[in-house]
Amino acid sequence: MGFNADVAAALERMGETLELLGESGFKVVAHSRAARVIRDYPQDLRSIASDEKALVGIEGVGKGIAKKIAEFAQTGKIAEADKLAAQVPAGLFDVLALQGLGPKTVRAMWQELGIESVADLSRAIDDGSLAGLPRMGAKTIENIRESIRFASATQGRTRIGTATAIAEMVLERLRQVEGVDRVEIAGSLRRGRETIGDLDFLAVAQGAAAERCSEAFRTMDEVERVLAAGETKSSVQLKIDRGSRSGPVRIGADLRVVPAEVFGSAWLYFTGSKSHNVRLRERAQKKKLTLNEYGLFPDDGEPAPQSRGVKPRASATETSIYKALGLPVLPPEIREDRGELELKETPALIEADDLIADLHAHTVASDGRLTIDELAQEAKSRGYKVLAITDHSQSQAIANGLKPDRLREHIGAIREADSRIKGIRLLAGSEVDILAGGKLDYEDDLLAELDVVVASPHLALKQTEKHAMKRMLRAIEHPLVHIIGHPTGRLINRREGLPLVIDEIVAAAAEHDVALEINANDRRLDLRDTHVRAAVEGGALLSINCDAHDAGHFDMLPYGVATGRRGWLTADRCINAWGERKLLNWLASKR
DNA sequence: GCCGTTTTCGGCCCGACTGTTTTCAGTCG
């Protein structure tokens with residue numbers, strides 16, 4: 001999708017290539033780190049690609065990478081990367097991606113046995129030639145066989161909603177184990193990432209209880225494979241059959257069991273992100289301290305202070321460690337090494353309780369499951385004070401979109417319900433299609449009758465950047481539009497969505513006082529976290545909505561809120577978190 | 001390849017676990 005993502009992918013691949021060619025690990029890490037920073041960068045780097053000084057100003061980008069970015073902007077490729085890639089068989093990257101196989105082993109397979117793909121590897125297992133490699137015993141081979149099987153049965157990272165449901169099931173089980181004082185989620189799920197690689201759990205227990213906890217974890221019915229079973233750490237692969245069309249969900253899960261006095265340092269460590277942790281350790285080193293999962297210790301130059309009886313400066317809580325490092329306490333969602341260590345105080349990020357309004361919901365009039373009354377009662381029961389009912393517009397024939405006369409009738413029904421139902425304010429709205437050329441799906445006189453216009457792209461989502469930008473800017477500039485719904489139209493793991501230059505979209509939204517949606521549905525989460533960050537930096541308003549088509553969809557609000565928090569969103573910039581009067585005044589100002 | 005109020009060269013975060021080894025390399029997070 002955008003330029004940054006393309007450059008990042010090229011650098012990522014280059015790092016893997018260097019790894020397979022046996023280059024220094026530090027060089028590899030430098031490439032993958034630059035790739036990550038560039039992928040997350042809130043501004044489109046194309047605009048500064050010729051400005052080497054500006055590029056080098058980005059953390060993790062030096063002269064070498066800056067030149068590659070400039071080259072990529074000019075020619076669409078990196079000559080050196082292509083030259084290196086030509087030396088490595090393309091199929092080898094899939095081998096490197098297998099669980100348990102790293103660069104050293106894959107390189108040996110390639111150099112010694114001519115293995116160039118997963119298929120080659122399978123053959124080498126079957127014909128016995130793999131066993132000829134050093135350190136390649138029967139168990140290792142069996143593990144590789146299993147990893148190949150697991151990889152072919154898994155499709156990438158798991159959506160946060162699915163991962164949350166599985167994690168809660170595991171939590172409940174572990175919390176029932178006798179003598180286990182506490183169990184918490186860590187890892188990317190705690191940080192609220194849109195997709196989850198592995199589930200991470202942290203338990204507080206000691207002695208026999210710790211063993212019982214690990215045992216309970218490894219013997220759950222859903223465990224398909226045990227990868228590690230140590231004293232403090234267990235690692236498994238889960239298979240959960242949820243009776244869904246897409247088949248069973250497979251996901252890895254790790255459990256660490258620690259005593260209560262080191263809980264904080266362990267939780268910090270296992271929550272990550274990895275690069276946030278690296279930053280914290282660097283910070284610790286500058287203060288002549290050393291940080292690991294057992295605590296923050298004075299650095300005496302020797303390793304493993306915890307096992308030498310050294311007393312930690314902090315370890316029981318995350319708060320105590322951040323404080324001892326001279327940092328504000330940083331919420332998990334922003335622990336991504338995206339500049340959070342520069343913060344002077346804990347940011348007041350938006351919380352679910354701040355939201356008094358949902359401004360995007362569907363009824364049976366189009367493709368929702370609930371009537372106006374049912375939807376209103378559901379929203380009210382969840383504590384909302386304002387609900388906008390926004391059924392689909394006429395072009396969405398497949399979703400039973402409303403023709404103008406039906407919409408006029410619907411507006412009347414919503415107003416009638418609003419006068420009758422107490423305790424929640426109902427607004428008449430529409431989720432209006434932004435047609436391929438940027439025109440809206442209703443005439444202006446009808447749009448003007450609506451309290452809320454959410455303008456969204458649904459069709460023609462494979463447009464070129466040029467067409468997509470023209471289309472979306474036209475919608476943003478429309479004076480009757482309040483919110484741009486799921487602005488890119490992406491579906492996680494399924495569809496890229498429109499290739500938008502996000503800082504230009506943000507600038508236009510800020511200029512025209514239009515809010516950009518964070519659609520909380522975990523299939524969408526659109527805008528995504530890095531886009532939200534760009535919007536926050538660029539001064540645009542945001543709107544977090546559940547896009548409810550059914551009662552249960554309101555349960556997805558936390559994912560939208562987490563995405564907002566990951567983008568450093570504060571309540572004052574989110575229209576759903578404004579007071580009722582301020583919100584209604586703002587909506588009315590566009591009428 | 002990146003980075004620098006001790007450095008423009010010489011560092012670069014830290015530990016658990018596994019499997020194959022007689023003391024450790026490789027992988028992972």
Side-chain angles (χ1 to χ4, degrees), chain A residues 11 14-15 17-19 23-37 55-69 78 80-81 84 96-109 131 133-144 146-147 186-188 191 196-202 214 218 226-236 252-258 262 265-266 268-286 288-297 299 302-307 337:
Chain A
L11 289 172
M14 187 167 168
T17 310
L18 291 168
E19 205 168 23
E23 280 278 356
S24 135
F26 294 117
K27 209 164 157 177
V28 173
V29 167
H31 277 84
S32 78
R33 168 148 182 249
R36 182 182 55 77
V37 169
L55 289 176
V56 171
I58 298 170
E59 198 66 39
V61 176
K63 277 193 165 187
I65 302 264
K67 283 201 168 62
K68 293 185 178 90
I69 296 171
I78 300 169
E80 192 191 340
L84 290 171
L96 184 61
L98 292 172
Q99 159 83 33
L101 289 186
K104 297 268 169 57
T105 315
V106 174
R107 189 169 154 76
M109 289 173 173
L133 287 181
R135 305 185 63 84
M136 192 59 70
K139 272 197 164 167
T140 303
I141 290 175
E142 188 47 37
N143 285 339
I144 295 172
E146 277 293 299
S147 291
S188 54
R191 302 200 311 278
I196 311 301
D198 290 318
L199 300 173
D200 291 290
F201 299 93
L202 180 65
S214 297
R218 296 193 297 258
V226 177
L227 291 170
E231 248 178 79
T232 66
K233 177 187 164 180
S234 294
S235 189
V236 301
D254 289 346
L255 169 70
R256 305 288 290 241
V257 186
V258 300
V262 305
S265 42
L268 183 64
Y269 182 84
F270 296 116
T271 296
S273 66
K274 189 172 153 69
S275 47
H276 178 81
N277 287 348
V278 169
R279 292 298 189 191
L280 290 182
R281 292 209 189 93
E282 286 172 1
R283 172 72 63 118
Q285 279 193 323
K286 282 184 187 150
K288 297 273 185 266
L289 299 168
T290 180
L291 177 65
N292 62 30
E293 57 262 55
Y294 299 101
L296 180 67
F297 298 88
D299 190 3
E302 298 294 315
Q306 68 277 6
S307 47
D337 187 22

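Proteins come first, then strands; the chains are lettered A, B, ... in the order of their sequence lines, and each starts at number 1. Basis for what follows: all heavy atoms, side chains included, without hydrogens, waters or symmetry-related copies.
- Applying the 4.0 Å criterion to OP1 and OP2 of B:dG1, one finds that A:Ser24 has every side-chain N and O outside that range.
- Checked against A:Leu202 for a side chain to side chain contact (heavy atoms under 4.5 Å, CB included), the options A:Asp254, A:Val257, A:Val258, A:Leu255 give a single hit: A:Val258.
- Note on A:Asn277: every side-chain N or O is 4.0 Å or more away from OP1 and OP2 of B:dG29.
- An OP1 or OP2 oxygen of B:dC28 is reached within less than 4.0 angstrom by no side-chain nitrogen or oxygen of A:Ser235.
- When the C1' atom is used for both B:dT8 and B:dG1, the distance is 14 Å, rounded to whole Å.
- Between A:Tyr294 and B:dA16 there is a side-chain polar atom (N or O) within less than 4.0 angstrom of OP1 or OP2.
- Note on A:Ala229: only backbone sugar-phosphate atoms sit closer than 4.0 angstrom, heavy atoms only; bases stay farther off.
- Using a 4.0 Å heavy-atom cutoff across all strands shown, A:Asp198 reaches sugar-phosphate atoms only and no base atom.
- Using a 4.0 Å cut-off, no side-chain N or O of A:Lys274 falls inside it from OP1 or OP2 of B:dG29.
- Considering only residues two or more places apart in sequence or on other chains, A:Glu146 meets the side-chain hydrogen bond (donor to acceptor under 3.5 Å, both in side chains) condition with A:Arg149.
- Judged as a side-chain hydrogen bond (donor to acceptor under 3.5 Å, both in side chains), and not counting sequence neighbours, A:Ser188 has no contacts.
- Every side-chain hydrogen bond (donor to acceptor under 3.5 Å, both in side chains) that A:Asp337 has, sequence neighbours left out, goes to A:Arg36, A:Arg279.
- For the pair A:Phe26 and B:dC12, the ring geometry qualifies as stacking, because the centroid separation is below 5.5 Å while the planes lie within an angle under 30°.
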Mind listing the N/O atom pairs, protein and nucleotides 20-22 of chain B, below 3.5 Å?
from   : atom 1 : to       : atom 2 : distance (Å)
B:dT20 : OP1    : A:Gly137 : N      : 2.6
B:dT20 : OP1    : A:Gly137 : O      : 3.0
B:dT20 : OP1    : A:Ala138 : N      : 3.4
B:dT20 : OP1    : A:Thr140 : N      : 3.3
B:dT20 : OP1    : A:Thr140 : OG1    : 3.0

Please tabulate, one pair per line, all N/O donor-acceptor pairs under 3.5 Å involving side-chain atoms of residues 62-69 of chain A, not counting sequence neighbours.
none

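- A:Gln306 and A:Asn292 share a donor-acceptor pair across their side chains, judged by distance under 3.5 Å alone.
- For the side-chain hydrogen bond (donor to acceptor under 3.5 Å, both in side chains) test, residues two or more places apart in sequence or in another chain that qualify with A:Ser147 are A:Arg225.
- Within the nucleic acid shown, A:Leu18 has no heavy atom closer than 4.0 Å to any nucleic acid atom.
- No engagement by A:Ala284 is indicated, since no non-hydrogen atom pair under 4.0 Å with the nucleic acid exists.
- Here the separation of B:dT7 from B:dC2, taken at their C1' atoms, is 14 Å to the nearest Å.
- A:Leu280 comes within 4.0 angstrom of no nucleic acid atom, judged by non-hydrogen atoms across all strands.
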